[in-house]
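Values reported hereafter were calculated over all heavy atoms of this structure, with side chains retained and with hydrogens, waters and symmetry mates removed. Letters go in sequence order (proteins before strands), and every chain restarts at 1.
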Protein chains: 2
Amino acid sequence: MRAVGNRPTIADIAKRVGVSPGAVSFALNGRPGVSEQTRARILEVAREMNWRPHRAARALGGAQAGVVGLVLARDPRTLGSEQFYTQILYGMQDMLSAHSSAVQMQLVRDTTAEISLYRHWASEHRVDGLVLVDLQLDDPRIAVVRELGLPAVTLGLPGEPGQLPSVWADDAEAMTTIVDYLAALDHRRIAHVAGPPVYQHTARRAAALRAQVTERGLHAGESVPTDFSDAQGAAATRALLSRAERPTAIVYDSDLMAAAGLGVALEMGIEVPRQLSIVSFDDSVLTRIVHPALTCLSRDTHALGAQVATTLLEAIADASFRESVRTETPHLVVRGSTARPLSSR
Amino acid sequence: MRAVGNRPTIADIAKRVGVSPGAVSFALNGRPGVSEQTRARILEVAREMNWRPHRAARALGGAQAGVVGLVLARDPRTLGSEQFYTQILYGMQDMLSAHSSAVQMQLVRDTTAEISLYRHWASEHRVDGLVLVDLQLDDPRIAVVRELGLPAVTLGLPGEPGQLPSVWADDAEAMTTIVDYLAALDHRRIAHVAGPPVYQHTARRAAALRAQVTERGLHAGESVPTDFSDAQGAAATRALLSRAERPTAIVYDSDLMAAAGLGVALEMGIEVPRQLSIVSFDDSVLTRIVHPALTCLSRDTHALGAQVATTLLEAIADASFRESVRTETPHLVVRGSTARPLSSR
DNA sequence: GTGGGTAACTAAAGCGCTATAGTCAACGCT
DNA sequence: AGCGTTGACTATAGCGCTTTAGTTACCCAC
């Protein structure tokens, strides 16, 4: 054990001011029980002595841990697709630090490990609430979170809305935005390199694409599932581009796969955007540094993270809180990777 | 406040077994004071009741928080270069979870914010130790960490070795590996797109390059400083490639800048690797997905993270621990972005 | 001027666990 | 028999904070 500096305690302040520790606690927490004069005096001394609450002591009294959890289930081989979540994390931290909370982010192998981590955290009182990301169809985590009594917010709509508060954007509308644009450019064979079909957002996007294709009488509209890895993104692209009737545009569910797809096109000697247009569903530094830069859907991810944090704080404060916040649909940022297809020029 | 399930406490176990809470504490912590028979019985009941230690309660008694901190100082605009640290984080978490600890990673704007976060954490007893990354020349964090009495490990050698335990690899040797290879291919004008000169590793690499250039009688050897952003990486590349005597090979201090540099070369119609070879100091998914894939230095970052965690645990356990662990020098992975320069064919 | 209300405190218990100082019986030794 | 030891516990205090139940002192109304 180590002496970590003799931090002042509430008792020290009490002694110095000449009141009881209870009074100091009242003053520091802004609750009634002390005169304004005394309160001011206590606050002044506290600042002078550089007092900070001892988290553990508070948590022991049943208060909050001051930490919220964010778990990313990732196969180590799929690592690399965390740009988006890094931004979310940043946004959450900025919002939470104002409420002197922190985000505990952890990477685990799979959903099973994620769930056991939640149980662990709950039993150790480590977190006050959770953010669930990468929502799945029939997501097993939702039942667990309720059982544990942990406040939680989902990033993205869960299958059965209303189970948990959530922060979401309309994936179907986003896909429609893309198809609108591609169709206006005269693309008629549009393919979709998707994530694993078990994810809600992938399912929604695929469904929206099918609906659009039918509505507009386009040719293709196939969604090829992948595990989100660059390898499978590249493989899917190779397969699509090797067909007799190859698509003139491919929409990718992630920036990483889109960049990998661009690499494959270059490797196969297919010119982007002349012979193939590429659109990414995510924006990040990645879409900007490749050449040509990728047309993509973009949104303020930092603000999204902040919104998630805000909603989670509400859910923590009020156990019955169950509202969902719809955020702006991502907007299209057109860069060099999209153009009119060669055939229609 | 919310009822978070009625977790069993040590008192519950004591009641059930018929001993005092103190005896249970002894048994659960593997210290003498109970017979082997009683100990076994207590452990059995504890498992049966699914008991878990209450972190806060332990921490209050002066024990550890079970959290180590990792702060990344990043201008939001420079965000995107965290691939490496995501891997480090993963490696640390895997190692630490075996010791039922966690990593608290936080992104902040700059070193000033980083330091005040350390003070904050120390005063709240939030972390047991710290990992300092991106070591600077004359790093102000070192003094603060010592003042706070927080155990810490640096990733990379600090300016004055021996101040803190560190985990490091030889940057000079790494640069030499690259120059060896490029010189063997007959490159004679080698440039370096570096990070901010205030960073130790950037300084070491630049110095090693200069030394090599002198030793081998090569032409250039200039290091262009940047802020690690893709924008400055691209700008530096553009500047270098616009010179009358442009380099035939550029070494980049990060994968992100290397990829951005490749984008610039493509944009300027300079063929890679025929007219320009590109080498990145970091490996990541990024170097693999661009086309051509980038030659780079690679190492087992996950293992590196685990090593950092191990060293930090030692430093936490023993305040006088001050050893440094040298890890393997990154090895060169040759991919499509390097070749013999056109001029020498 | 007495009862009752209220503001401004103090006293004390308790959160779950650890750690230290007992207690008590059994044992060995001179 | 008397004494010190040892092992296996129990009792208790305490970590820093919150919170509830007092306790004063004071003011107001009848």
Chemist: Nearest whole angstrom, please: distance from the C1' of D:dC15 to the CD of B:E124.
Modeler: 17 Å
Chemist: When you match B:A11 and A:R39 each to their closest nucleotide on DNA chain C, which lands nearer the 5' end?
Modeler: A:R39
Chemist: So that I can tick it off, tell me whether B:R41 and B:E36 are bridged by a salt bridge, with the cut-off set at under 4.0 angstrom between side-chain N and carboxylate O.
Modeler: no
Chemist: Closer to the 5' end of DNA chain D via nearest nucleotide, is it B:A57 or B:T38?
Modeler: B:T38
Chemist: Answer yes or no: does a side-chain N or O of B:R58 lie under 4.0 Å from OP1 or OP2 of C:dT18?
Modeler: yes
Chemist: By the 4.0 Å heavy-atom rule, please label B:S25 as base, sugar-phosphate, or nothing.
Modeler: base
Chemist: Does A:R39 reach the main-chain N or O of A:R31 with its side chain, forming a donor-acceptor pair under 3.5 Å?
Modeler: yes
Chemist: Please classify the nucleic acid contact of A:V24 as base, sugar-phosphate, or nothing, using heavy-atom distances under 4.0 Å.
Modeler: nothing
Chemist: So which one's nearest nucleotide on DNA chain D is more toward 5', B:A23 or A:H54?
Modeler: B:A23
Chemist: Does a side-chain N-to-carboxylate-O contact under 4.0 Å join A:R141 and A:D134?
Modeler: no
Chemist: Taking 4.0 angstrom as the limit, do A:E114 and A:R109 come out as a salt bridge?
Modeler: no
Chemist: D:dG16, OP1 or OP2 - any side-chain N/O from A:T9 closer than 4.0 Å?
Modeler: no
Chemist: Check this one for me: any side-chain N or O of A:R31 less than 4.0 Å away from OP1 or OP2 of D:dT19?
Modeler: yes
